[in-house]
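Okay, structure first, notes after.
Small disclaimer: the values here were computed from a predicted structure and weren't measured. Indexing begins at 1, ligand by ligand and atom by atom, following the structure's order.
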Amino acid sequence: MVIILKNNCDKMQLDRLTSWLGEMHVTPQYTHGVGQTIMGLVGDTSKIDIDMLRALDIVEDVKRIAEPYKKANRKFHPEDTVITLDNGAKIGGGNLMVMAGPCSIESEEQLCTIAEAVKKSGATVLRGGAFKPRTSPYAFQGMREDGLKLLIQAKKKIGIPVVTEIMDYAHLPLFEDVDIIQVGARNMQNFELLKHLGKTNKPILLKRGLSSTLEELLMSAEYIMSEGNERVILCERGIRTFETATRNTLDISAVPMLRSMTHLPVVVDPSHATGKSMLVPSMALAGVIAGADGLIIEVHNNPPKALCDGAQSLTPDQYAQLVGRGSARTARQGLRLHRGRPRQSLQGASRPQFERKRPRQQMDRGRLSAQDVYLSGLLQGEPRGAGTRLADQQFRLGRCRSVLEKS
Ligand code: PEP
Ligand code: MN
């Protein structure tokens, strides 16, 4: 942290600031320029309130050099965090986790039908909302405690871990058998909730707030981690922009950006990001290509009749098609993506990891191009208008040809 002092600042106030900094265990180092004095702070400045410093009479400005998040920071923890659920399913470090299920739990029959279908297609975790954060107080609020009971019943009956959203820490005792506790976008900065979750030992799926920066997301993760729970999974679920054609705007660059900022696993939610089922498959695959460690996808057995988010829900068949296609491609390409770490197929943690053995030099040369081929291949067959199909095919062929020529 660097403090820029005002010209001719009051000596007594400066002495007071210096002794306070000493109490905070940071050492000031002065640089005297022409008409300007800069104070560099050496030591752990994470507990220093930057706004309080800015408010001092003798301070012109304050700049942070180091990131304010420590525990989530990849700088101090270069290895990917791998989170293992009770049944052995993993996320992070090359393990892809696919969570799928309805937006809201509506009945035992609805939940079990969907759970069985997504499990069959290789989902590693069943999602299902019991406590629903709705914009309107008149909209369906979820089945609440009864919904949670159905979710735990489905977990036991079908044999699949579950993720569901918490809105109030007073409900924590109800979440004892839940495998991953979700913090929704609207609660990303509910700091009391985060602190309570930090005292549990449950993996937490922390969704990015509607208008939150990545640094704010990581600071929220820091709230959980600083209380002792370091099992945090981050989720990019689209942010609010000026665009109205989609429900939100999927910030795909958040995935590689977060992966460089933090060691925590990153999941993409293409359902809430787009609000349109037609867009979910391509955005899911784009998320994986961008380096996501997992996906969370809404699936409903009868989307038009869904009590919540039907427009963005895939049918079980569409879901199976998506993961089947992704999985087959991953296997066929057998490429090492994203800094060479091996990735698992989309069809779940139990499937083998694929890795084509190639001489190192050749792999490095080909990595970006290989991603090109992979991406264009994955996007093949997405629902498009007839007019664009030919142009797409020509585009894909052209790109593939140039990659083949290079390799
Ligand atoms: C959800 O996953 O059901 C949900 C409400 O998502 P978000 O908090 O991202 O809106
Ligand atoms: Mn939803």
Side-chain angles (χ1 to χ4, degrees), residues 97-106 110-111 114-115 118 123 125-137 139-144 147-148 150-151 162-168 171 175 178-190 193-194 197 203-212 214 216-217 220-221 232-241 246-252 254-255 258 266-277 279-280 283-284 287 292 294-315 319:
M97 181 173 274
V98 187
M99 312 177 204
C103 176
S104 304
I105 299 158
E106 297 171 11
Q110 171 248 17
L111 185 63
I114 300 169
V118 295
V125 174
L126 172 67
R127 66 149 286 151
F131 292 93
K132 293 304 303 174
R134 305 302 301 278
T135 304
S136 165
F140 173 59
Q141 302 287 306
M143 288 183 72
R144 301 173 66 86
L148 261 186
L150 293 182
L151 188 66
V162 293
V163 57
T164 191
E165 177 166 352
I166 191 164
M167 299 212 296
D168 186 337
H171 295 152
F175 283 68
V178 168
D179 296 273
I180 304 175
I181 302 181
Q182 176 175 323
V183 176
R186 288 151 194 85
N187 271 315
M188 188 201 87
Q189 288 191 318
N190 181 340
L193 175 63
L194 300 179
L197 294 173
I204 308 296
L205 177 67
L206 178 63
K207 299 188 97 177
R208 181 180 182 182
L210 275 67
S211 309
S212 299
L214 297 183
E216 285 164 346
L217 172 61
S220 290
V232 180
I233 302 164
L234 305 169
C235 179
E236 163 55 38
R237 46 77 73 205
I239 49 174
R240 187 165 278 189
T241 68
T246 46
R247 181 175 179 183
N248 290 292
T249 298
L250 178 61
D251 179 7
I252 201 77
V255 178
L258 280 172
V266 179
V267 160
V268 164
D269 174 348
S271 309
H272 292 89
T274 60
K276 288 184 159 67
S277 60
L279 301 177
V280 168
M283 292 305 98
L295 295 168
I296 179 160
I297 298 176
E298 287 188 342
V299 178
H300 198 281
N301 51 339
N302 189 357
K305 292 262 163 71
L307 294 182
C308 185
D309 288 350
Q312 65 194 35
S313 299
L314 298 183
T315 62
Y319 173 75

Matching residue for D309 among R134, K132, R127, R247 - test: salt bridge (Lys or Arg N to Asp or Glu O under 4.0 Å):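 Going through R134, K132, R127, R247 one by one, the salt bridge (Lys or Arg N to Asp or Glu O under 4.0 Å) with D309 is satisfied by R247 alone.
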Just jot down the ligand 1 atoms closer than 4.0 angstrom to any heavy atom of [X], in number order.
| X | answer |
| --- | --- |
| R127 | 1 (C), 2 (O), 3 (O) |
| R237 | 7 (P), 9 (O), 10 (O) |
| G184 | 8 (O) |

Residue E298 atom name (nearest to the Mn ion (ligand 2); N/O/S):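 Result for E298 and the Mn ion (ligand 2): OE2.
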D309: its N/O/S atom lying closest to the Mn ion (ligand 2) (atom name):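 D309's closest N, O or S atom to the Mn ion (ligand 2) is named OD2.
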Among protein heavy atoms, which sits nearest to [atom], and what does the distance come to when rounded to 0.1 Å?
| atom | value |
| --- | --- |
| atom 8 (O) of ligand 1 | A185 N, 2.7 Å |
| atom 5 (C) of ligand 1 | E165 OE1, 3.7 Å |
| atom 4 (C) of ligand 1 | H272 NE2, 3.4 Å |
| atom 6 (O) of ligand 1 | K207 NZ, 2.9 Å |

Just by modelled atom types, is the [Y] backbone N or O under 3.5 Å from a matching donor or acceptor in the [X] side chain?
| X | Y | answer |
| --- | --- | --- |
| N187 | N190 | no |
| E165 | M167 | no |
| Q110 | N301 | no |
| T274 | P270 | yes |
| T164 | G128 | yes |

Contact (N/O only, under 3.5 Å) between D269 and ligand 1: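 No: no nitrogen or oxygen of D269 is under 3.5 Å from one in ligand 1.
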Flag side-chain contact, heavy atom, 4.5 Å: E106 against H300: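 Contact flag for E106/H300 side chains = yes.
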Side chains of L217 and M188 in contact at under 4.5 Å (non-hydrogen atoms):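 Contact flag for L217/M188 side chains = yes.
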Nearest candidate to atom 3 (O) of ligand 1, where distance is taken over non-hydrogen atoms, out of R134, R247, K132, M188: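 Nearest heavy atom to atom 3 (O) of ligand 1 lies in K132.
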Geometry at the Mn ion (ligand 2) - C103 SG versus H272 NE2 angle, rounded to 10 degrees: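 Between NE2 of H272 and SG of C103, the angle at the Mn ion (ligand 2) is about 160°.
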Sub-4.0 Å heavy-atom approach of R208 to ligand 1: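 No; R208 lies far enough from ligand 1 that no heavy-atom distance drops under 4.0 Å.
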Working for side chain to side chain contact (heavy atoms under 4.5 Å, CB included), residues L210 and I239: CA-CA 5 Å; L210 275 67; I239 49 174; over 6 Å; no
